[in-house]
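Notes to accompany the following structure.
Quick note on labels: first sequence line is chain A, next is B, and so on, each numbered from 1. Computed from heavy atoms alone, side chains included, the values below leave out hydrogens, waters and symmetry copies.
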Protein chains: 2
Amino acid sequence: MDIGNETGRAADNVVAMLEAKIVSGELEDQTPLPAERELMEQFGASRTVIREAISKLSSRGLIETKPRFRPIVRKPDYATVLHACGNVVQHLLTDKTGIKNLYDSRVFIERALVREAASSARKEDIVSLREALEENRKAIPDSNEFYRTDVAFHGVLYRIPRNPIFPAMHEGYTSWLAPQWDRMLRSPERNEVNYLAHKSILDAILERDPVAAEEALNNHLKAAWEFVRVTFDWGDE
Amino acid sequence: MDIGNETGRAADNVVAMLEAKIVSGELEDQTPLPAERELMEQFGASRTVIREAISKLSSRGLIETKPRFRPIVRKPDYATVLHACGNVVQHLLTDKTGIKNLYDSRVFIERALVREAASSARKEDIVSLREALEENRKAIPDSNEFYRTDVAFHGVLYRIPRNPIFPAMHEGYTSWLAPQWDRMLRSPERNEVNYLAHKSILDAILERDPVAAEEALNNHLKAAWEFVRVTFDWGDE
DNA sequence: TTGTAAAGTTTGGTCATACCAAAAGGCAAA
DNA sequence: TTTGCCTTTTGGTATGACCAAACTTTACAA
């Protein structure tokens, strides 16, 4: 059965067919695509359209392309979406306003997350949070390690709703936001402050107090932003 | 100053240069790109790489391409990001689980939004909400019109944080989620139910009662989901 | 036997050229 | 001014070629 009409671009048909083969598993995940010259025979199309199709699939995140290597098949997941958005998002982060908007949205989401955690975290979530916090504490002297455990702690919050969209959002936030500054202005003293902030968040969650949890998280992230803002002399809000 | 190194694909350089011309405004928003044969002269590249560059820019949302027409320049904004993600997201909505995840994330966000509205909506927000609700009420007999005002009412909620990311998310939700069913199972009776749900949400916001507002919204969206689920016989949760 | 270097083959990236059909633009007739 | 035809421009596609990098095989030496 053919995919669709014959109108429009020929490359779109190839895209659709390859798409189908990827989602159906006929083209296995993490395996290289056939050679371009083989695909053109397989689909009865010129290399021009095969290459265009490959380009489109790449930008849709269904395959990964390295400059001179065979494209690697990648079954779509939520992380793929974020990865695909990355290029576009980048344009919106060129000025302070864009970064602030993204950061504010993160604060907004995480406030809701900790509230959710405080009101309905399961036992295993609590365990994960405790473990993450402990890892966090132990890493205070090592800023690189602390950064990792810091991200991990917040990551636990994103996993509590059991909805894969949230961890994907977390990945987005950390990859688009953090590199801007997070790594460069760390010290054991700052780590200590952040650890204590995490601890107070967890404490509020343990108390099953959504209001306190939300406030603790809000304080934590607002303070972090304030620190960055002052350090980089970004002027008023 | 040149953009980057000479390694990798030649098309990437063209992409970068065109990108720069778009964000700088040298290529005006909403105007057509120069002809391909002109661009190849301008950049000293073959048509192959020009076309590849155009394809990449298109998938990044920086230009809009119709099959046989000149690409139209589009300055990147938050809506662009969503638009670019659309193609990828589509793959995650093929099964019930994907749709449910997206819907749940929407519920999660909107719960936080109405809470925010109840605790810190400004006067003009209240006015907008009242107006949107009134429009909603007047549209009860006309299902198509009701759909529009329904979306608009929720849209007001997304604009309250004054963060353009949220309206963009709203667009994403409505464009990815609604077409699945929203239009097909409407009736003046259902419209009435939904209108009343909106009204109770606004009432709670007017009372400055975040808990009630959140609960009202939760009931509203859960009921809507339940209705769809039963109608389509999607089995248990 | 095994590690490795050289030679040969495949394959992605790019270019030049050509053709077709649809869009755009110009021009004459109504 | 509007309508309809004709020419030019331009996007979509196909071929064929070439290069350099990646891959494979072969050959040789330890």
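- For Phe69(B) and dA21(C), the CZ to P distance is 17 Å, given to the nearest whole Å.
- Distances shorter than 4.0 Å separate some side-chain N or O of Arg70(A) from OP1 or OP2 on dG12(C).
- Contacts of Glu171(A) classified as salt bridge (charged side-chain N to carboxylate O under 4.0 Å, His left out), with partners at least two apart in sequence or in another chain: none.
- With sequence neighbours excluded, no residue forms a salt bridge (charged side-chain N to carboxylate O under 4.0 Å, His left out) with Arg68(B).
- For residues 27-89 of chain B, the pairs satisfying disulfide bond (SG atoms under 2.5 Å apart) are Cys85(A)-Cys85(B), with sequence neighbours left out.
- When the ring pair (Phe, Tyr, Trp, His ring centres under 6.0 Å) test is applied to Tyr78(B), no partner is found at least two apart in sequence or on another chain.
- Residues of residues 30-41 of chain B that place a heavy atom closer than 4.0 Å to DNA chain D, in numerical order, are Ala35(B), Glu36(B), Arg37(B).
- At distances below 3.5 Å, at least one donor-acceptor pair connects side-chain atoms of Arg70(B) with backbone N or O atoms of Leu33(B).
- For Arg68(A), taking side-chain heavy atoms from C-beta onward, the closest of the listed nucleotides dG13(C), dC23(D), dG12(D) is dG13(C).
- In the region residues 43-56 of chain A, proximity to DNA chain C at under 4.0 angstrom, judged on heavy atoms, holds for Arg47(A), Arg51(A).
- His154(A) meets the ring pair (Phe, Tyr, Trp, His ring centres under 6.0 Å) test with His198(A), His220(A); sequence neighbours excluded.
- When the C1' atom of dG11(D) is taken as reference, atom CZ of Arg9(A) falls 10 Å away, rounded to whole Å.
- Partners of Arg47(A) under the side-chain hydrogen bond (donor to acceptor under 3.5 Å, both in side chains) rule, at least two apart in sequence or in another chain, are Glu36(A).
- A search for salt bridge (charged side-chain N to carboxylate O under 4.0 Å, His left out) contacts involving Glu38(A) returns nothing, not counting sequence neighbours.
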